[in-house]
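Each remark here refers to the structure printed beneath this line.
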Amino acid sequence: MTKITNICCIGAGYVGGPTMSVIAQKCPDIKVTVVDLNEARIAAWNDPDTANIPIYEPGLDKVVAEARGRNLFFSTDVDEAIDEAEMIFISVNTPTKTYGSGKGMAADLKYIELCARQIARVAKTDKIVVEKSTLPVRTAEAVKNILQNTGNNVNYQILSNPEFLAEGTAVEDLHSPDRVLIGGDTTEEGQAAIQALVDIYTRWVPRDRVLTTNLWSSELSKLTANAFLAQRVSSINSLSELCEHTGADVSEVARAIGTDSRIGPKFLKSSVGFGGSCFQKDILNLVYIARSYGLREVADYWEQVIIMNDHQKRRFANKIVKTLYNTVSSKKIAFLGWAFKKDTNDTRESAAIYVADDLLNEQAGIAVYDPKVAETKIYDDLDYLNTRPSDANKQLLTVYTDPYEVCKDAHAIAILTEWDEFKDYDWQRIYDNMKKPAFVFDGRSLLNVDKLKEIGFKVYTIGRE
Ligand SMILES: NC(=O)c1ccc[n+]([C@@H]2O[C@H](COP(=O)([O-])OP(=O)(O)OC[C@H]3O[C@@H](n4cnc5c(N)ncnc54)[C@H](O)[C@@H]3O)[C@@H](O)[C@H]2O)c1
Ligand SMILES: O=c1ccn([C@@H]2O[C@H](COP(=O)(O)OP(=O)(O)O[C@H]3O[C@H](CO)[C@@H](O)[C@H](O)[C@H]3O)[C@@H](O)[C@H]2O)c(=O)[nH]1
């Protein structure tokens, strides 16, 4: 296999954009073109002011500024980029199906299939096609089938190269990944294709961190990694409820077990529930795959992770209602945070959406402040649930751009995202401007409880009595 000099990536989203920017940064001699059908998104990636790129990730603007126009390009001309590239990454979205068989569980692979068909139609020279999207195990078989049966007699090699970056730390994760995983065919041609991709990553990743496997192990490892991570969060969240009944403190329990080197300290932070575009989608997909092989116990085991997460979000909303004397009707509840975690403007599956929806059902007046999430996004998230007409959401929920204004005259504050800036607010000033008794419901164990109590707040923290 000759050295790769031209890469194309289909999908300029949270994964395609940052991963390709870093490849371009680290490999200035490789031309990297990221394409997308979404014109507005491509226009934003091309905005001369890198502060306006469509994804907020610490440090990403600098990476883009370094490579864009040199060897990094963003375009809507998908055909041209496919035609020119020797290696094509597919990094399109693979959401949970919302229709037909597998609705609500299986991954919707229509965008993947469209990409495969487009590559088959356009390609005139041999290509290495890399699955970057998270896919059900054995998807490469379908991609291969489409390429080989509808293509122009071009030779294809399919690789699986799942992405493990977490949002908010994408650039750091890409610069210094725990591992890079590459799966491919065990044939000589398959091994040569793997080597071509290994040669790209080892420009900046130590060779012993680049793992190579067969295709199916690679595809399944991505779903497994997310299932294990989410399982840890649900496990500690399940115990947070027990802590609240027994006087144990979940953060002390997490520290106590996390120091056991076999358990480890990460992903043991109890919260209002995990969010993000991946965990729920990927576990549902895993559950669906297990069921489709008739593995009922396996499916039920992993489904429990989602059931526990839904319970955690609901119980947080219930706690607010119960504490506010069993009614939040017409009370102002201030939400600090809407993003699914700090340092991102992504809100997909954020716990805040579901907590808000439950409280709106109780006729609460919700006021939201998030340092990075746009007002339209917040309304879109709620409207997407289809619980009530869009007008009602607009009437009941107000978005603020000032943290002190959002808390003014509120009956309660709920912390939904662990943004660092929340810790540094003038909490005395906030307290002075709230209705009394002034409640704080800390869904992220972010704030200093003793300090808040000293000021006069009534404080509830997840996993503490
Ligand atoms: N978001 C993450 O942190 C993360 C991390 C690891 C893996 N993943 C996986 O990576 C994949 C992409 O996720 P994302 O968050 O980047 O999604 P995204 O929705 O942000 O981006 C996907 C992009 O693909 C584009 N697209 C869809 N079909 C297309 C087509 N036929 N031609 C051209 N463009 C097309 C869409 O317009 C969109 O801009 C998913 O499978 C996801 O599970 C995501
Ligand atoms: O101890 C913890 C750790 C995380 N979370 C929550 O879990 C969710 C997911 O967080 P995180 O995993 O940090 O962010 P993602 O960007 O969703 O990244 C996950 O999903 C990606 C998409 O597949 C993978 O690439 C990453 O490896 C995997 O960490 C967020 O709501 C967090 O607040 C907790 O509640 N407690």
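Values in this document were obtained by computation on a predicted structure and should not be read as measured data. We number each residue from 1, following the sequence as shown. Both counts, for ligands and for their atoms, begin at 1 and track the order of listing.
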Please examine the side chains of [Y] and [X], heavy atoms only from C-beta on, and report whether any two atoms are closer than 4.5 Å.
X	Y	value
Cys27	Trp204	yes
Thr134	Asn285	no
Pro136	Leu109	yes
Trp338	Ile353	yes

Under a 4.0 Å threshold between the charged nitrogen and the carboxylate oxygen, would [Y] count as salt-bridged to [X]?
X	Y	result
Lys222	Asp282	no
Lys269	Glu418	no
Arg291	Asp300	yes

**Prompt:** Just how far is it from atom NZ of Lys341 to atom OG of Ser350, taken to the nearest 0.5 Å?
**Reply:**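 So the gap between those two atoms works out to 12.0 Å.
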Check each N or O atom of ligand 1 against all protein N or O atoms and list the pairs under 3.5 Å, with atom names and distances to 0.1 Å, one per line.
| unit_1 | atom_1 | unit_2 | atom_2 | d |
| --- | --- | --- | --- | --- |
| ligand 1 | 1 (N) | Glu167 | OE2 | 2.8 |
| ligand 1 | 3 (O) | Glu167 | OE2 | 3.1 |
| ligand 1 | 15 (O) | Arg348 | NH1 | 3.4 |
| ligand 1 | 15 (O) | Arg348 | NH2 | 3.0 |
| ligand 1 | 16 (O) | Tyr14 | N | 3.0 |
| ligand 1 | 16 (O) | Val15 | N | 2.9 |
| ligand 1 | 20 (O) | Tyr14 | N | 3.2 |
| ligand 1 | 20 (O) | Arg41 | NH1 | 3.3 |
| ligand 1 | 20 (O) | Arg41 | NH2 | 3.3 |
| ligand 1 | 21 (O) | Arg41 | NH1 | 3.4 |
| ligand 1 | 34 (N) | Leu37 | N | 3.4 |
| ligand 1 | 37 (O) | Asp36 | OD1 | 2.6 |
| ligand 1 | 39 (O) | Asp36 | OD1 | 3.3 |
| ligand 1 | 39 (O) | Asp36 | OD2 | 2.6 |
| ligand 1 | 39 (O) | Arg41 | NH1 | 2.7 |
| ligand 1 | 41 (O) | Thr94 | OG1 | 2.6 |
| ligand 1 | 41 (O) | Thr134 | N | 2.9 |
| ligand 1 | 43 (O) | Thr134 | OG1 | 3.4 |
| ligand 1 | 43 (O) | Lys281 | NZ | 2.6 |

**Item:** CA sep, side-chain torsions, deciding dist, call: Trp302, Phe228, ring-ring contact (aromatic ring centres under 6.0 Å, His included)
**Value:** CA-CA 9 Å; Trp302 288 107; Phe228 268 60; 5.7 Å; yes
Which pairs of nitrogen or oxygen atoms, taken one from ligand 2 and one from the protein, are under 3.5 angstrom apart?
| unit_1 | atom_1 | unit_2 | atom_2 | d |
| --- | --- | --- | --- | --- |
| ligand 2 | 1 (O) | Leu268 | N | 3.3 |
| ligand 2 | 1 (O) | Lys269 | N | 2.9 |
| ligand 2 | 13 (O) | Lys341 | NZ | 2.8 |
| ligand 2 | 14 (O) | Lys341 | NZ | 3.2 |
| ligand 2 | 16 (O) | Glu167 | N | 2.7 |
| ligand 2 | 23 (O) | Lys222 | NZ | 2.8 |
| ligand 2 | 23 (O) | Asn226 | ND2 | 2.8 |
| ligand 2 | 25 (O) | Glu163 | O | 3.3 |
| ligand 2 | 25 (O) | Phe164 | O | 3.3 |
| ligand 2 | 25 (O) | Leu165 | O | 2.7 |
| ligand 2 | 25 (O) | Lys222 | NZ | 2.9 |
| ligand 2 | 27 (O) | Phe164 | O | 2.7 |
| ligand 2 | 31 (O) | Gly275 | N | 2.9 |
| ligand 2 | 31 (O) | Phe340 | O | 2.8 |
| ligand 2 | 33 (O) | Arg444 | NH1 | 2.6 |
| ligand 2 | 35 (O) | Ser271 | OG | 2.6 |
| ligand 2 | 36 (N) | Lys269 | O | 2.8 |

